[in-house]
Peer 1: 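Below is the structure I would like to discuss, written out as structure tokens.
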Amino acid sequence: MSIHPSAIIDPLAKIDPTANIGPYVVIEGPVVIGAGTQVGPFTNIYGHTSIGENCKIHSRVSIGDLPQDRAFHGETSYCTIGNNVIMREGVSVHRGTGEGTSTIINDNCFLMTNSHVGHNCELENGVIMISGSLLGGHVQVGERAVISGNAAVHQFCRIGCYAMIGGLSKIVQDIPPFTMTNHAGEIIAINLVGLKRAGFNPDERKDIKAAFRIMYRDGHTHRHAMEILNERAFCSAVNPLLDFLNETSARGLTKGAA
């Protein structure tokens, strides 16, 4: 194990022998750090935080601190980081609010400089948060979604898989899978480049486009569009969109750009 002599490590912490802990790191509480993970200088890790294998935590990151939430009253809550996660300088991730709850960042996520993940958020595999992007509490972000620079997402919103949130966007309602937003947070198109990069074939992309048109281009009410979508025979690639739209939403669905 490589631990810099200036680091302060709580005796309750469990650090894999192959992990690397840099200068002036503070680890406070029963923190668990997995094999091959590197923790950069001046980083603080608190509480019941678990960090997986082969993560790269750069300088001045804060993980597992108290949530910025008046409803938090000192209960035991958690912060869970998966494998192969990258956190660049100044990232902050807070633990959950509510007894036994967690903030979860799954495998292969990439959080760039000064991005923030609020309490009780969950990021699925491969999410990218670009510099300065902010997630309020209880936000759910689907697989391989991208939150662009300085975008802000309201608490309790859902971001669907493969969505692309535009730079400087203000997101106050749910963003369906496969879609893109403008800076005002309005839906403008499907994330065609993202779908191609993810390996969706032409037939799958055609069905996703057709479903998008029904939701956002054909002038249907939300209820009528849902009836049409649920009656149509789409390929399985469209299922994440249908499942997302059929789930209960705390914030409602974002409208398309005029």
Side-chain angles (χ1 to χ4, degrees), residues 61-72 77 79-82 85-88 90-98 101-106 108-191 194 215-216 222 240-241 243-245 247-257:
V61 170
S62 177
I63 305 173
D65 206 346
L66 301 179
Q68 298 176 134
D69 185 359
R70 292 183 183 274
F72 182 77
S77 59
C79 183
T80 302
I81 312 297
V85 172
I86 299 172
M87 295 185 185
R88 294 303 305 257
V91 165
S92 57
V93 181
H94 290 168
R95 70 183 76 166
T97 290
T101 63
S102 296
T103 301
I104 301 171
I105 297 176
N106 284 293
N108 303 307
C109 289
F110 185 6
L111 279 61
M112 298 186 191
T113 51
N114 299 313
S115 54
H116 171 70
V117 178
H119 60 88
N120 302 88
C121 289
E122 181 169 4
L123 279 60
E124 295 186 14
N125 292 354
V127 169
I128 297 175
M129 293 184 63
I130 297 174
S131 299
S133 54
L134 309 171
L135 303 183
H138 299 273
V139 170
Q140 300 176 31
V141 185
E143 181 178 0
R144 294 181 68 169
V146 177
I147 315 296
S148 294
N150 295 312
V153 182
H154 194 284
Q155 62 183 352
F156 292 101
C157 285
R158 299 180 300 150
I159 308 296
C161 61
Y162 303 97
M164 169 69 78
I165 305 303
L168 302 173
S169 288
K170 178 183 72 174
I171 305 301
V172 298
Q173 292 183 299
D174 295 349
I175 306 298
F178 314 127
T179 60
M180 296 178 62
T181 77
N182 59 18
H183 71 278
E186 300 165 325
I187 303 297
I188 56 172
I190 67 165
N191 182 15
M215 278 300 301
Y216 284 105
H222 184 191
L241 175 61
D243 292 342
F244 185 96
L245 296 174
E247 289 173 358
T248 300
S249 169
R251 298 289 304 168
L253 192 67
T254 297
K255 296 180 179 180

Peer 1: Among Leu123, Asn108, Ile105, find the residue that satisfies the side-chain contact (heavy atoms from CB on, under 4.5 Å) test when tested with Val85.
Peer 2: Ile105
Peer 1: Any idea which heavy atoms bring Pro176 and Leu241 closest together, and the distance?
Peer 2: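 Here Pro176 and Leu241 meet closest at CB-CD1, 3.8 Å.
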Peer 1: So which heavy atom on Ala145 is nearest to which on Gly160, and how close?
Peer 2: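 That closest heavy-atom pairing would be CB-O, 3.6 Å.
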Peer 1: Side chain of Thr254, backbone of Asp174: donor and acceptor closer than 3.5 Å?
Peer 2: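 Flag set: sc Thr254 to bb Asp174 pair under 3.5 Å.
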Peer 1: Are Leu111 and Val61 packed together at the side-chain level, in the sense that at least one heavy-atom pair is separated by less than 4.5 angstrom?
Peer 2: no
Peer 1: Could you give me the CA-CA distance, side-chain angles and deciding distance for Val141 and Met129, then say whether side chain to side chain contact (heavy atoms under 4.5 Å, CB included) is met?
Peer 2: CA-CA 10 Å; Val141 185; Met129 293 184 63; over 6 Å; no
Peer 1: Once rounded to the nearest 0.5 Å, what's the spacing between atom OG1 of Thr97 and atom NE2 of His119?
Peer 2: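 Going from the OG1 atom of Thr97 to the NE2 atom of His119 covers 4.5 Å.
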Peer 1: Taking Ser148 for the side chain and Ile165 for the main chain, is one N or O donor matched with an acceptor at less than 3.5 Å?
Peer 2: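 Judged by distance alone, yes, a pair lies under 3.5 Å.
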Peer 1: Do you know the tightest heavy-atom contact between Arg95 and Thr103?
Peer 2: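 Looking at all heavy atoms of both residues, the shortest contact is C-OG1, 3.4 Å.
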Peer 1: Test side chain to side chain contact (heavy atoms under 4.5 Å, CB included) on His222 and Met215; report intermediate values, then the result.
Peer 2: CA-CA 7 Å; His222 184 191; Met215 278 300 301; 3.8 Å; yes
Peer 1: Kindly say whether Arg158 contributes a backbone atom to a donor-acceptor pair with the side chain of Arg251 at under 3.5 angstrom?
Peer 2: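 Not a single qualifying donor-acceptor pair exists.
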Peer 1: Got a second to check how far Glu124's CD is from Arg144's CZ, nearest 0.5 Å?
Peer 2: 13.0 Å
Peer 1: If we ignore hydrogens and angles and just use 3.5 Å, is the side chain of Thr181 paired with the main-chain N or O of Glu186 as donor and acceptor?
Peer 2: no
Peer 1: Looking at OG of Ser62 and NE2 of His116, how far apart are the two atoms once the value is rounded to the nearest 0.5 Å?
Peer 2: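 These two atoms lie 9.5 Å from each other.
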Peer 1: Assess the residue pair Tyr216 and Ile190 against the criterion (side chain to side chain contact (heavy atoms under 4.5 Å, CB included)); give the C-alpha distance rounded to whole Å, side-chain angles, the decisive distance to 0.1 Å, and a yes or no.
Peer 2: CA-CA 10 Å; Tyr216 284 105; Ile190 67 165; over 6 Å; no
Peer 1: Taking atom SG of Cys109 and atom CD1 of Ile128, what is their separation to the nearest 0.5 Å?
Peer 2: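 Reported value, rounded in 0.5 Å steps: 9.0 Å.
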Peer 1: Could you measure the distance from the CG atom of Asn182 to the OG atom of Ser169? Nearest 0.5 Å is fine.
Peer 2: 6.5 Å
Peer 1: If we only count heavy atoms from C-beta on, is the His94 to Asp69 side-chain gap below 4.5 Å?
Peer 2: no
Peer 1: What closest approach, in Å, do Cys121 and Leu135 show between heavy atoms, and which atom pair accounts for it?
Peer 2: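 So the minimum-distance heavy-atom pair works out to SG-CB, 4.0 Å.
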Peer 1: Show every side chain to side chain donor-acceptor pair (under 3.5 Å) that has at least one partner inside residues 130-140, sequence neighbours left out.
Peer 2: Thr113-Ser131
Peer 1: Do you know the tightest heavy-atom contact between Ile175 and Ala163?
Peer 2: CG2-CB, 4.1 Å
Peer 1: Parallel under 30°, tilted from 30 to 60°, perpendicular over 60°: which one fits the rings of Tyr162 and Phe178?
Peer 2: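 Ring orientation, 0 to 90° scale: parallel.
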Peer 1: Listed by chain and number, what are the side chain to side chain contact (heavy atoms under 4.5 Å, CB included) partners of Gln155, not counting sequence neighbours?
Peer 2: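 Per chain and number, Gln155 pairs via side chain to side chain contact (heavy atoms under 4.5 Å, CB included) with no residue.
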Peer 1: How far does OG of Ser92 sit from CG of Asp65, to the nearest 0.5 angstrom?
Peer 2: 9.0 Å
Peer 1: Give the minimum heavy-atom separation between Ile188 and Ala257, together with the two atoms involved.
Peer 2: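 That closest heavy-atom pairing would be CG2-CB, 3.9 Å.
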